[in-house]
Amino acid sequence: IATNTLIERKGATCGLITTRGFRDVLELRRRDRASMYGLYTDFHPLIPRWLRLEVDERLAQSLVSTALSKMFAATEKYRAEAQANGVPSTKRPVVAGLSRSRETFAITLIDQAGGGGGLSYRDGPDSVHIAGTPMMALGNAEVYERLYPVLYLYRKHAGDTGGPGKYRGGLGTEVALTPHRNPGPIQLLNLAGCSAHPEARGLYGGLPAPVQPTILLRGANVLGEMAAGKMPQGYEEIACQNRKVLKSREVISLRRGDIYVSVQAGGAGYGDPLERKPELVLKDYLNRACSQEMCQQVYGVVLDLEAKTVL
(Lines give C-alpha, C1' and ligand atoms only; values in the text may rest on other atoms or scores of the structure.)
Protein backbone atom coordinates (compact mmCIF):
# COMPACT_ATOMS: atom_id res chain seq x y z
CA ILE A 1 0.00 0.00 0.00
CA ALA A 2 2.77 2.42 0.93
CA THR A 3 4.67 1.71 -2.29
CA ASN A 4 1.58 2.22 -4.44
CA THR A 5 0.75 5.45 -2.62
CA LEU A 6 4.26 6.74 -3.31
CA ILE A 7 4.27 5.68 -6.96
CA GLU A 8 0.80 7.12 -7.59
CA ARG A 9 1.79 10.33 -5.75
CA LYS A 10 -1.40 10.31 -3.66
CA GLY A 11 0.15 10.54 -0.19
CA ALA A 12 1.95 13.24 1.74
CA THR A 13 4.82 15.20 0.24
CA CYS A 14 7.99 13.14 0.58
CA GLY A 15 11.65 14.11 0.79
CA LEU A 16 14.88 12.14 0.52
CA ILE A 17 18.11 12.37 2.53
CA THR A 18 21.00 10.75 0.68
CA THR A 19 24.79 10.61 0.63
CA ARG A 20 26.46 13.50 -1.17
CA GLY A 21 26.87 12.67 -4.84
CA PHE A 22 23.77 10.43 -5.03
CA ARG A 23 21.13 13.13 -5.26
CA ASP A 24 20.37 12.47 -8.93
CA VAL A 25 20.26 8.67 -8.84
CA LEU A 26 16.45 8.83 -9.11
CA GLU A 27 16.86 10.75 -12.38
CA LEU A 28 19.15 8.02 -13.81
CA ARG A 29 16.77 5.10 -13.37
CA ARG A 30 15.17 3.12 -16.21
CA ARG A 31 12.31 5.60 -16.63
CA ASP A 32 8.66 5.00 -17.42
CA ARG A 33 8.68 5.11 -21.20
CA ALA A 34 7.66 2.87 -24.08
CA SER A 35 11.20 2.73 -25.47
CA MET A 36 13.66 2.42 -22.61
CA TYR A 37 16.56 3.34 -24.92
CA GLY A 38 14.86 6.41 -26.36
CA LEU A 39 16.63 9.74 -25.99
CA TYR A 40 13.62 11.91 -25.26
CA THR A 41 10.66 11.42 -22.96
CA ASP A 42 8.79 13.08 -20.14
CA PHE A 43 10.00 11.86 -16.77
CA HIS A 44 8.85 12.88 -13.32
CA PRO A 45 10.89 11.40 -10.45
CA LEU A 46 9.04 10.19 -7.36
CA ILE A 47 10.73 12.92 -5.34
CA PRO A 48 11.54 16.25 -7.03
CA ARG A 49 15.14 17.40 -6.97
CA TRP A 50 14.51 20.33 -4.63
CA LEU A 51 13.27 17.88 -1.97
CA ARG A 52 16.37 15.66 -2.21
CA LEU A 53 18.97 16.65 0.39
CA GLU A 54 22.62 15.58 0.23
CA VAL A 55 24.66 15.14 3.41
CA ASP A 56 28.36 14.49 4.01
CA GLU A 57 28.42 11.15 5.77
CA ARG A 58 29.98 7.76 6.04
CA LEU A 59 28.03 4.74 7.24
CA ALA A 60 30.59 4.24 10.03
CA GLN A 61 30.03 7.74 11.37
CA SER A 62 26.26 7.26 11.42
CA LEU A 63 25.40 10.90 10.75
CA VAL A 64 22.12 9.99 9.12
CA SER A 65 20.94 7.79 12.00
CA THR A 66 21.97 10.51 14.46
CA ALA A 67 19.86 13.05 12.57
CA LEU A 68 16.87 10.71 12.54
CA SER A 69 17.21 9.99 16.27
CA LYS A 70 17.23 13.72 17.02
CA MET A 71 14.06 14.09 14.98
CA PHE A 72 12.42 11.31 17.02
CA ALA A 73 13.60 12.86 20.29
CA ALA A 74 12.03 16.19 19.34
CA THR A 75 8.52 14.70 19.33
CA GLU A 76 6.51 13.44 22.28
CA LYS A 77 5.01 10.63 20.24
CA TYR A 78 8.26 9.10 19.00
CA ARG A 79 10.70 10.06 21.76
CA ALA A 80 11.04 6.45 22.91
CA GLU A 81 12.38 5.56 19.45
CA ALA A 82 15.42 7.82 19.81
CA GLN A 83 18.63 5.84 20.19
CA ALA A 84 22.35 6.54 20.09
CA ASN A 85 24.34 4.75 17.42
CA GLY A 86 25.04 1.08 17.84
CA VAL A 87 28.23 -0.55 16.67
CA PRO A 88 28.52 0.13 12.90
CA SER A 89 30.88 -2.71 12.05
CA THR A 90 32.34 -5.85 13.58
CA LYS A 91 35.53 -7.88 13.42
CA ARG A 92 35.55 -10.86 11.09
CA PRO A 93 38.88 -12.77 10.96
CA VAL A 94 39.46 -15.11 8.03
CA VAL A 95 41.50 -18.22 8.85
CA ALA A 96 42.99 -20.68 6.38
CA GLY A 97 45.33 -23.67 6.42
CA LEU A 98 45.22 -27.45 6.75
CA SER A 99 42.49 -29.13 8.77
CA ARG A 100 43.22 -32.03 11.12
CA SER A 101 42.44 -34.37 8.20
CA ARG A 102 45.01 -32.39 6.14
CA GLU A 103 42.44 -30.85 3.83
CA THR A 104 42.73 -27.18 2.93
CA PHE A 105 40.17 -24.85 4.46
CA ALA A 106 39.32 -21.15 4.58
CA ILE A 107 36.57 -19.74 6.76
CA THR A 108 35.35 -16.39 8.04
CA LEU A 109 34.76 -16.69 11.77
CA ILE A 110 31.52 -14.94 12.68
CA ASP A 111 32.04 -14.91 16.42
CA GLN A 112 31.81 -11.24 17.45
CA ALA A 113 28.86 -9.03 18.32
CA GLY A 114 28.82 -5.33 19.16
CA GLY A 115 26.51 -3.37 21.43
CA GLY A 116 23.39 -1.40 20.65
CA GLY A 117 23.20 2.31 21.37
CA GLY A 118 21.71 3.69 24.56
CA LEU A 119 18.05 4.67 24.34
CA SER A 120 16.16 7.61 25.81
CA TYR A 121 14.88 5.46 28.69
CA ARG A 122 17.27 2.50 29.18
CA ASP A 123 20.73 1.12 28.42
CA GLY A 124 21.51 -0.26 25.01
CA PRO A 125 21.32 -4.04 24.50
CA ASP A 126 24.51 -6.08 24.82
CA SER A 127 25.99 -8.15 21.98
CA VAL A 128 23.47 -7.45 19.25
CA HIS A 129 23.49 -7.42 15.47
CA ILE A 130 24.90 -4.64 13.34
CA ALA A 131 22.75 -2.33 11.24
CA GLY A 132 21.35 -4.05 8.15
CA THR A 133 21.74 -7.60 9.48
CA PRO A 134 18.93 -8.15 11.99
CA MET A 135 18.96 -11.95 11.54
CA MET A 136 22.71 -12.50 11.94
CA ALA A 137 23.71 -14.99 14.61
CA LEU A 138 27.09 -15.81 16.12
CA GLY A 139 28.84 -18.96 15.02
CA ASN A 140 28.87 -21.94 17.36
CA ALA A 141 32.34 -22.13 18.95
CA GLU A 142 32.13 -25.89 19.42
CA VAL A 143 31.26 -26.39 15.75
CA TYR A 144 34.25 -24.25 14.73
CA GLU A 145 36.48 -26.31 17.02
CA ARG A 146 35.17 -29.56 15.53
CA LEU A 147 35.66 -28.50 11.93
CA TYR A 148 38.86 -26.47 12.16
CA PRO A 149 42.13 -26.75 14.15
CA VAL A 150 41.36 -23.96 16.63
CA LEU A 151 40.46 -23.84 20.31
CA TYR A 152 38.36 -21.07 21.84
CA LEU A 153 39.75 -20.03 25.22
CA TYR A 154 36.72 -17.88 25.98
CA ARG A 155 34.00 -15.70 24.47
CA LYS A 156 32.43 -13.17 26.82
CA HIS A 157 31.03 -9.68 27.24
CA ALA A 158 33.90 -7.20 27.52
CA GLY A 159 33.79 -4.52 30.20
CA ASP A 160 34.19 -0.82 29.36
CA THR A 161 33.22 -1.39 25.71
CA GLY A 162 29.89 0.46 25.87
CA GLY A 163 29.88 4.22 25.44
CA PRO A 164 29.21 6.03 28.75
CA GLY A 165 26.00 7.98 29.17
CA LYS A 166 22.97 8.50 31.34
CA TYR A 167 22.00 5.30 29.57
CA ARG A 168 25.17 3.53 28.47
CA GLY A 169 25.71 1.72 25.23
CA GLY A 170 25.49 -2.05 25.14
CA LEU A 171 28.62 -4.14 25.60
CA GLY A 172 30.63 -5.76 22.86
CA THR A 173 32.22 -9.20 23.06
CA GLU A 174 35.79 -10.41 23.56
CA VAL A 175 37.09 -13.60 21.95
CA ALA A 176 40.39 -15.45 22.34
CA LEU A 177 41.41 -18.46 20.25
CA THR A 178 44.57 -20.47 19.68
CA PRO A 179 45.69 -23.17 17.21
CA HIS A 180 44.95 -26.68 18.46
CA ARG A 181 46.03 -29.98 16.93
CA ASN A 182 46.92 -28.16 13.74
CA PRO A 183 49.11 -29.97 11.15
CA GLY A 184 50.78 -26.70 10.17
CA PRO A 185 50.65 -22.92 10.57
CA ILE A 186 47.28 -21.20 10.31
CA GLN A 187 47.09 -18.04 8.25
CA LEU A 188 44.77 -15.40 9.65
CA LEU A 189 43.57 -12.25 7.91
CA ASN A 190 42.53 -9.70 10.51
CA LEU A 191 39.53 -7.70 9.30
CA ALA A 192 38.64 -5.33 12.10
CA GLY A 193 36.26 -2.40 12.17
CA CYS A 194 36.11 0.17 14.98
CA SER A 195 39.87 -0.16 15.52
CA ALA A 196 41.24 3.25 14.55
CA HIS A 197 38.78 5.83 15.91
CA PRO A 198 35.38 5.83 17.65
CA GLU A 199 32.68 5.12 15.09
CA ALA A 200 29.53 4.80 17.21
CA ARG A 201 28.57 8.38 18.11
CA GLY A 202 26.83 9.36 21.32
CA LEU A 203 23.63 11.36 21.56
CA TYR A 204 22.69 14.33 23.79
CA GLY A 205 25.92 14.27 25.78
CA GLY A 206 26.48 10.53 25.58
CA LEU A 207 30.03 9.48 24.76
CA PRO A 208 31.11 7.29 21.83
CA ALA A 209 32.00 3.66 22.32
CA PRO A 210 35.77 3.38 22.98
CA VAL A 211 38.07 1.97 20.32
CA GLN A 212 38.90 -1.68 21.02
CA PRO A 213 42.09 -3.55 20.08
CA THR A 214 42.89 -6.75 18.25
CA ILE A 215 45.93 -8.35 19.86
CA LEU A 216 48.35 -11.16 19.01
CA LEU A 217 50.00 -12.95 21.93
CA ARG A 218 53.06 -15.05 21.09
CA GLY A 219 54.81 -17.62 23.23
CA ALA A 220 51.99 -18.35 25.67
CA ASN A 221 51.69 -21.61 27.61
CA VAL A 222 47.95 -21.31 27.99
CA LEU A 223 47.26 -24.97 27.10
CA GLY A 224 49.61 -26.10 29.87
CA GLU A 225 47.93 -23.74 32.32
CA MET A 226 44.50 -25.03 31.32
CA ALA A 227 45.68 -28.62 31.81
CA ALA A 228 46.68 -27.57 35.34
CA GLY A 229 43.18 -26.24 35.97
CA LYS A 230 43.78 -22.52 35.40
CA MET A 231 41.29 -21.10 32.92
CA PRO A 232 41.99 -17.65 31.42
CA GLN A 233 39.39 -14.99 32.16
CA GLY A 234 40.92 -12.29 29.96
CA TYR A 235 43.97 -11.65 27.82
CA GLU A 236 45.55 -9.32 30.41
CA GLU A 237 46.25 -12.25 32.73
CA ILE A 238 47.81 -14.53 30.10
CA ALA A 239 51.61 -14.67 30.38
CA CYS A 240 53.38 -14.55 27.02
CA GLN A 241 56.70 -13.61 25.42
CA ASN A 242 55.38 -10.87 23.18
CA ARG A 243 52.21 -8.82 22.62
CA LYS A 244 51.36 -6.99 19.43
CA VAL A 245 48.40 -4.79 18.56
CA LEU A 246 47.33 -5.76 15.05
CA LYS A 247 46.44 -3.39 12.26
CA SER A 248 42.84 -3.36 11.12
CA ARG A 249 43.97 -5.14 7.93
CA GLU A 250 46.89 -7.49 8.59
CA VAL A 251 47.86 -11.07 7.74
CA ILE A 252 49.53 -13.12 10.48
CA SER A 253 50.64 -16.72 10.94
CA LEU A 254 49.42 -18.60 14.03
CA ARG A 255 51.51 -21.40 15.54
CA ARG A 256 51.38 -23.37 18.76
CA GLY A 257 51.54 -20.96 21.70
CA ASP A 258 50.03 -18.03 19.76
CA ILE A 259 46.72 -16.49 20.81
CA TYR A 260 44.48 -14.24 18.71
CA VAL A 261 42.41 -11.85 20.86
CA SER A 262 39.66 -9.69 19.43
CA VAL A 263 37.66 -7.14 21.43
CA GLN A 264 34.52 -5.72 19.82
CA ALA A 265 33.35 -2.16 20.40
CA GLY A 266 29.96 -1.58 21.98
CA GLY A 267 27.24 0.98 21.36
CA ALA A 268 27.33 4.70 22.11
CA GLY A 269 25.83 6.32 25.20
CA TYR A 270 22.68 8.45 25.47
CA GLY A 271 22.68 11.53 27.74
CA ASP A 272 25.30 12.99 30.07
CA PRO A 273 27.21 10.26 32.01
CA LEU A 274 27.11 12.45 35.13
CA GLU A 275 23.32 12.06 35.17
CA ARG A 276 23.50 8.28 35.45
CA LYS A 277 22.08 6.93 38.70
CA PRO A 278 24.89 5.84 41.06
CA GLU A 279 23.13 2.54 41.79
CA LEU A 280 23.26 1.69 38.07
CA VAL A 281 26.98 2.47 38.02
CA LEU A 282 27.47 0.17 41.02
CA LYS A 283 25.45 -2.57 39.32
CA ASP A 284 27.63 -2.28 36.21
CA TYR A 285 30.77 -2.57 38.32
CA LEU A 286 29.49 -5.67 40.13
CA ASN A 287 28.54 -7.22 36.78
CA ARG A 288 32.00 -6.40 35.34
CA ALA A 289 30.45 -4.13 32.72
CA CYS A 290 32.35 -1.12 34.06
CA SER A 291 35.77 -0.79 35.69
CA GLN A 292 36.48 1.13 38.88
CA GLU A 293 38.40 3.72 36.85
CA MET A 294 35.43 4.23 34.54
CA CYS A 295 33.10 4.60 37.54
CA GLN A 296 35.21 7.32 39.12
CA GLN A 297 36.70 9.20 36.17
CA VAL A 298 33.72 9.21 33.79
CA TYR A 299 30.63 8.80 35.97
CA GLY A 300 32.00 10.56 39.04
CA VAL A 301 30.88 7.72 41.32
CA VAL A 302 33.16 6.53 44.15
CA LEU A 303 32.57 2.98 45.35
CA ASP A 304 33.30 1.17 48.59
CA LEU A 305 34.63 -2.04 47.09
CA GLU A 306 34.54 -4.00 50.35
CA ALA A 307 30.98 -3.07 51.28
CA LYS A 308 29.92 -3.00 47.61
CA THR A 309 28.11 0.30 48.07
CA VAL A 310 28.28 3.85 46.77
CA LEU A 311 30.15 6.30 48.98
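Computation of the quantities below employed the complete heavy-atom set of this structure, encompassing side-chain atoms and omitting hydrogens, waters and symmetry-equivalent molecules.
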Just how far is it from atom [atom1] of [X] to atom [atom2] of [Y], taken to the nearest 0.5 Å?
{"X": "C290", "Y": "Q296", "atom1": "SG", "atom2": "CD", "answer": "10.0 Å"}
{"X": "M231", "Y": "Y154", "atom1": "CE", "atom2": "OH", "answer": "11.5 Å"}
{"X": "T75", "Y": "E81", "atom1": "OG1", "atom2": "CD", "answer": "9.0 Å"}
{"X": "I186", "Y": "F105", "atom1": "CD1", "atom2": "CZ", "answer": "5.0 Å"}

Looking only at the side chains, is there a donor atom on one of Y152 and E142 sitting less than 3.5 Å from an acceptor on the other? no
_Residue pair Q264 / T173, side-chain donor-acceptor N/O under 3.5 Å_ = no
Given 3.5 Å as the limit, does a donor-acceptor pair link the side chain of [X] with the main chain of [Y], or not?
{"X": "K91", "Y": "V263", "answer": "yes"}
{"X": "R201", "Y": "P208", "answer": "no"}
{"X": "R92", "Y": "T108", "answer": "no"}
{"X": "T178", "Y": "I259", "answer": "no"}
{"X": "Y144", "Y": "I110", "answer": "yes"}
{"X": "R168", "Y": "G162", "answer": "no"}
{"X": "K70", "Y": "L203", "answer": "no"}
{"X": "R155", "Y": "E174", "answer": "no"}

[atom1] of [X]: more than 12 outside heavy atoms within 6.0 angstrom?
{"X": "K156", "atom1": "NZ", "result": "yes"}
{"X": "M71", "atom1": "CE", "result": "no"}
{"X": "R256", "atom1": "CZ", "result": "no"}
{"X": "R249", "atom1": "CZ", "result": "yes"}

Here the salt bridge (charged side-chain N to carboxylate O under 4.0 Å, His left out) pairs for residues 206-232, sequence neighbours left out, are R218-D258
### Message
Using the rule that Ile, Leu, Val, Met, Phe, Trp and Tyr join whenever any side-chain heavy atoms are under 4.5 Å apart, tell me whether L147 and V175 fall into a single cluster.
### Response
yes
> Is L138 reachable from L153 through a run of I, L, V, M, F, W or Y residues, each pair having side-chain heavy atoms under 4.5 Å apart?
Replying inline: no
Cluster membership besides L286, Ile/Leu/Val/Met/Phe/Trp/Tyr side chains within less than 4.5 angstrom, sorted by chain and number, is L207, V281, L282, Y285, M294, V298, Y299, V301, L303, L305, V310
With sequence neighbours left out, the residues meeting salt bridge (charged side-chain N to carboxylate O under 4.0 Å, His left out) with D111 are none
Taking every heavy atom of A84 against every heavy atom of Y270, the minimum-distance pair comes out as N-CD1, 4.1 Å
Scanning both residues in full, the closest heavy-atom pair of R181 with R100 reads O-CG, 3.3 Å
Result for side-chain contact (heavy atoms from CB on, under 4.5 Å) between L171 and one of D160, N287, T161, D123 points to T161
